[in-house]
**Student:** 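Let me begin by handing over the structure; questions about it come next.
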Amino acid sequence: MKKECVAMLLAGGQGSRLYALTSHVAKPAVPFGGKFRIIDFPLSNCANSGIDTVGVLTQYRPLELNSYIGSGQPWDLDRADGGVHILPPYMREGDQGTWYKGTANAIYQNIGFLDMYDPEYVVILSGDHIYKMDYSKMVDHHKRVGAACTISVLEVTMEEAKRFGIMNVDEQDMIYEFEEKPPQPKSNLASMGIYVFTWSKLRAYLIADEEDPNSSNDFGKNIIPDMLAAGEKMAAYRFHGYWKDVGTIDSLWDANMDMLAPRTSIDLYDPSWPIYARTPIKPPHFTGPESRISHSLVSGGSNIYGTVENSILFHSVTVEEGAEVRYSILMPGVTVKAGAKIEYSIIAENAVIEVNACVGTPPDGTDPDWGVAVVAGGVTVGENAVVTAHAMVRDDVKGGERV
């Protein structure tokens, strides 16, 4: 059962900043890019990197995520020796059990799982990032420099650096200081929340952290600073490529729109690094005689009779004649009735936009409260209703109502 490297994927986040989109599903299960879910990216990275043992730590609204992952077959992780394991919090002998209190505590609660595979190295991943990365190269770098911990970093602007955990490094990219969201950053090397640890080292720090009643049980707030303070060898691994944290409505919309600009985004057509997904079997999408589709991604099972521009449509979407969809994301099963107009919006699964309803408006640069409009899954926006920019619609909207 021994494995050189095991990945632990933190996928239990509530995703509260995605509001209506995560009211019924965990953030990693949110649909993305026309045929994927957010978690497809780290799982595919594991498969493509040769990491065949992955623990997925779930907590908030896990049912749909657990069902989606299943045996791990789409990502070639249905292995008899290893494979993908769903790891929810559980009750242990001698106590009453607890939810995962923080990222470090989530790993601590699964020390038994990791000990079962007795790995040399553990890769810690987040379930809410969009990127392609070869983790095996990061592990090789970790081994080459003899680090106890290696942190993947991305160069950002100095202004953006104020929003991240920042790594200050020497000439050999060894970390000597970590600053969490510094008002005056000393460098622009932002932590991506991707770590490689030597397991024997991490195990000891997790146990010590759990024994500290004042700890937040978090990697960024506790484990990383504690290792630095103890003089452990900490390395930065520079990542060059597309990476997006999709933890907010705006960033999720931006990342989806990036899919329409492949030269500045992830190359989904690269056969050497495919992104795998569990997708339903649907017929090809159909376009009616009066339909007009431009610069958009339209998935199978969709029926388009109206206008679709600069948008991403998942499977089983219907856009009726005379309806218009622009700069928007329509998740599986959405129906847009005749004459309806959708702009700069995210419409969640199985929502219905009734006849002549309007959702969202383009930015004009004068409204400080402008933002992408969101309609939650299963919601009906009534006939002639108006959903304004930045609105967050969680319940059905009556005909003619303004939100």
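Atom set for the values below is all heavy atoms of this structure, side chains included, hydrogens, waters and symmetry mates excluded.
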**Student:** Would you say R238 and V169 make side-chain contact, with heavy atoms under 4.5 Å?
**Tutor:**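 SC-SC contact between R238 and V169 confirmed.
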
**Student:** Determine, step by step, whether E210 and K101 satisfy the salt bridge (Lys or Arg N to Asp or Glu O under 4.0 Å) criterion, reporting the C-alpha distance in whole Å, the side-chain angles of both residues, the deciding distance to 0.1 Å, and the verdict.
**Tutor:** CA-CA 10 Å; E210 191 66 22; K101 296 179 290 184; 3.2 Å; yes

**Student:** Salt bridge check: are E324 and R292 linked by an N-O gap of less than 4.0 Å?
**Tutor:**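 Salt bridge absent between E324 and R292.
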
**Student:** Within the side chain of D396, is there an N or O that forms a donor-acceptor pair under 3.5 Å with the backbone of T380?
**Tutor:** yes

**Student:** Using 0.5 Å steps for rounding, measure from the CD1 atom of I329 to the CD1 atom of I312.
**Tutor:** 6.0 Å

**Student:** Are any non-hydrogen side-chain atoms of Y135 and C46 less than 4.5 angstrom apart?
**Tutor:**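 The answer is yes; the side chains approach within 4.5 Å.
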
**Student:** For D209 and N217, does a side-chain donor sit closer than 3.5 Å to a side-chain acceptor?
**Tutor:**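 Their side chains do contain a donor-acceptor pair, which is all the 3.5 Å distance test asks for.
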
**Student:** Between N303 (side chain only) and F286 (backbone N and O only), is there a donor and an acceptor less than 3.5 Å apart?
**Tutor:**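 Checked: no pair found.
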
**Student:** With rounding to the nearest 0.5 Å, note down the distance linking CG in N105 to CD in Q109.
**Tutor:**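 Here the interatomic distance stands at 4.5 Å.
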
**Student:** I want to check something: taking the side chain as every heavy atom from C-beta on, are Y205 and E232 in contact at a cut-off of under 4.5 Å?
**Tutor:** yes

**Student:** Just checking, any donor-acceptor pair under 3.5 angstrom between side chains of N168 and E177?
**Tutor:** yes

**Student:** For the pair T388 (side chain) and V403 (backbone), establish whether a donor and an acceptor sit closer than 3.5 Å, ignoring hydrogens and angles.
**Tutor:**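 Checking the backbone N and O of V403 against the side chain of T388, a donor-acceptor pair under 3.5 Å is found.
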
**Student:** Is there a donor-acceptor pair closer than 3.5 Å between any side-chain N or O of S294 and the backbone N or O of E309?
**Tutor:**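 Not a single qualifying donor-acceptor pair exists.
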
**Student:** Step by step, work out the side-chain contact (heavy atoms from CB on, under 4.5 Å) result for L297 and M259.
**Tutor:** CA-CA 8 Å; L297 297 177; M259 296 297 102; 4.1 Å; yes

**Student:** Where is the tightest heavy-atom contact between K398 and A385, given as atom of each residue plus distance?
**Tutor:** O-CB, 3.6 Å

**Student:** How close do M8 and L87 get, heavy atom to heavy atom, and via which atoms?
**Tutor:**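 Looking at all heavy atoms of both residues, the shortest contact is CE-CD1, 3.9 Å.
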
**Student:** Kindly write out the residues that satisfy side-chain contact (heavy atoms from CB on, under 4.5 Å) with S191, not counting sequence neighbours, or none if the list is empty.
**Tutor:** I151, M167, Y195

**Student:** What heavy-atom pair brings F113 and H85 nearest, and what distance separates the two atoms?
**Tutor:**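 Of all heavy-atom pairs spanning F113 and H85, the closest is CE1-CG, 3.5 Å.
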
**Student:** Side-chain contact test, heavy atoms from C-beta onward, threshold under 4.5 Å: evaluate it for W75 versus N48 and give yes or no.
**Tutor:**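 SC-SC contact between W75 and N48 ruled out.
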
**Student:** Mind jotting down which residue pairs meet the side-chain hydrogen bond (donor to acceptor under 3.5 Å, both in side chains) criterion with at least one end in residues 331-346? Sequence neighbours excluded, please.
**Tutor:** K337-E354

**Student:** Decide yes or no on side-chain hydrogen bond (donor to acceptor under 3.5 Å, both in side chains) for T198 and H142, but give the supporting numbers first.
**Tutor:** CA-CA 9 Å; T198 299; H142 177 86; 2.9 Å; yes

**Student:** Test your reading of the model: is there a side-chain donor-acceptor pair from S328 to the backbone of R326, 3.5 Å cut-off?
**Tutor:** yes

**Student:** For I207, look at atom CD1 and say whether over 12 heavy atoms of other residues, nucleotides or ligands are found less than 6.0 Å away.
**Tutor:** yes

**Student:** For the residue pair V352 and V381, establish whether any side-chain heavy-atom pair is separated by less than 4.5 Å.
**Tutor:**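 Result no, sub-4.5 Å side-chain heavy-atom pair not found.
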
**Student:** Atom CG in D76, atom CG in D78: separation rounded to 0.5 Å?
**Tutor:**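 If we round to the nearest 0.5 Å, D76:CG and D78:CG are 6.5 Å apart.
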
**Student:** Side chains of Y237 and V145: closer than 4.5 Å at any heavy-atom pair?
**Tutor:**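 No, every pair of side-chain atoms sits at 4.5 Å or beyond.
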
**Student:** Please test F197 against R203 for side-chain contact (heavy atoms from CB on, under 4.5 Å), starting from the C-alpha separation and ending with a verdict.
**Tutor:** CA-CA 9 Å; F197 288 96; R203 193 181 192 281; over 6 Å; no

**Student:** What is the minimum heavy-atom distance between L252 and L21, and which atoms define it?
**Tutor:**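 Result for this residue pair: CD2-CD1, 3.5 Å.
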
**Student:** Could you tell me whether R278 and D40 have a side-chain N and a carboxylate O separated by less than 4.0 Å?
**Tutor:**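 Here R278 does not pair with D40 in a salt bridge, since their nearest N and O are not under 4.0 Å apart.
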
**Student:** If you round to the nearest 0.5 Å, how far is CG of L202 from CD1 of I124?
**Tutor:**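 Output value for this atom pair is 6.0 Å.
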
**Student:** Verify whether one side chain among D118 and W199 offers a donor that lies under 3.5 Å from an acceptor in the other.
**Tutor:**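 There is no such pair between these side chains.
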
**Student:** Kindly determine whether F314 and F32 satisfy ring pair (Phe, Tyr, Trp, His ring centres under 6.0 Å), including the steps that lead there.
**Tutor:** CA-CA 9 Å; F314 286 75; F32 178 85; 8.2 Å; no

**Student:** How far apart are the C-alpha atoms of F164 and M192, what are their side-chain angles, what is the distance that settles it, and do they pass the side-chain contact (heavy atoms from CB on, under 4.5 Å) test?
**Tutor:** CA-CA 9 Å; F164 289 91; M192 298 167 61; over 6 Å; no

**Student:** Is there a salt bridge (Lys or Arg N to Asp or Glu O under 4.0 Å) between K143 and E4 once you walk through the steps?
**Tutor:** CA-CA 12 Å; K143 292 190 285 187; E4 181 187 33; 3.1 Å; yes

**Student:** Once you round to the nearest 0.5 Å, how far does NE2 of H141 lie from CG of D173?
**Tutor:** 6.5 Å

**Student:** Taking the side chain as everything from C-beta on, heavy atoms only, tell me whether V379 gets closer than 4.5 Å to R394.
**Tutor:** no

**Student:** If you take the centroid of each ring, where Trp contributes its six-membered ring, are F41 and Y242 closer together than 6.0 Å?
**Tutor:** no

**Student:** Quick check: do T248 and W253 have side-chain heavy atoms less than 4.5 Å from each other?
**Tutor:** no

**Student:** So, does K3 use its side chain to make a donor-acceptor pair with the main chain of D81 at under 3.5 Å?
**Tutor:**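 Here the side-chain-to-backbone pair exists.
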
**Student:** Counting neighbours of OH on Y176 that are heavy atoms of other residues, nucleotides or ligands and sit closer than 6.0 Å, is the number greater than 12?
**Tutor:** yes

**Student:** Thinking salt bridges, do E120 and K2 make one under a 4.0 Å N-O criterion?
**Tutor:**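 The answer is yes: the pair qualifies as a salt bridge.
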
**Student:** Would you please test D218 and I223 for side-chain contact (heavy atoms from CB on, under 4.5 Å) and show each step?
**Tutor:** CA-CA 7 Å; D218 183 82; I223 301 296; over 6 Å; no

**Student:** For P363, is there any backbone N or O sitting under 3.5 Å from a side-chain donor or acceptor partner on D367?
**Tutor:** no

**Student:** Indicate the atoms forming the closest heavy-atom contact of W370 with T361, along with that distance.
**Tutor:**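 Closest approach of W370 to T361: NE1-O, 2.8 Å.
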
**Student:** Out of curiosity, L330 CG to I347 CD1, how far, rounded to the nearest 0.5 Å?
**Tutor:** 6.0 Å

**Student:** Tell me whether the centres of the aromatic rings in W273 and Y131 are closer together than 6.0 Å.
**Tutor:**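 No, too far apart.
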
**Student:** Checking the side chain of S67 only, and the main-chain atoms of L63 only, is there a donor and an acceptor separated by less than 3.5 Å?
**Tutor:** no

**Student:** For F36 and A277, work out which heavy atoms get closest and say how close.
**Tutor:**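 Heavy-atom minimum between the residues: CD2-CB, 3.8 Å.
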
**Student:** When you measure from the side chain of K132 to the backbone of D267, do you find a donor-acceptor pair of N or O atoms at a distance under 3.5 Å?
**Tutor:**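 Flag set: sc K132 to bb D267 pair under 3.5 Å.
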
**Student:** For K221, does the NZ atom sit with more than 12 other heavy atoms under 6.0 Å from it, leaving out its own atoms?
**Tutor:** no

**Student:** Using the rule side chain to side chain contact (heavy atoms under 4.5 Å, CB included), only one of H285, K282, K35 pairs with H315; which is it?
**Tutor:** K282

**Student:** Counting neighbours of CZ on R79 that are heavy atoms of other residues, nucleotides or ligands and sit closer than 6.0 Å, is the number greater than 12?
**Tutor:** yes

**Student:** Assess whether a salt bridge exists between K162 and E160, defined as any Lys/Arg side-chain N lying under 4.0 Å from an Asp/Glu carboxylate O.
**Tutor:**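 A salt bridge is absent here (no side-chain N lies under 4.0 Å from a carboxylate O).
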
**Student:** Kindly say whether G377 contributes a backbone atom to a donor-acceptor pair with the side chain of N350 at under 3.5 angstrom?
**Tutor:** no

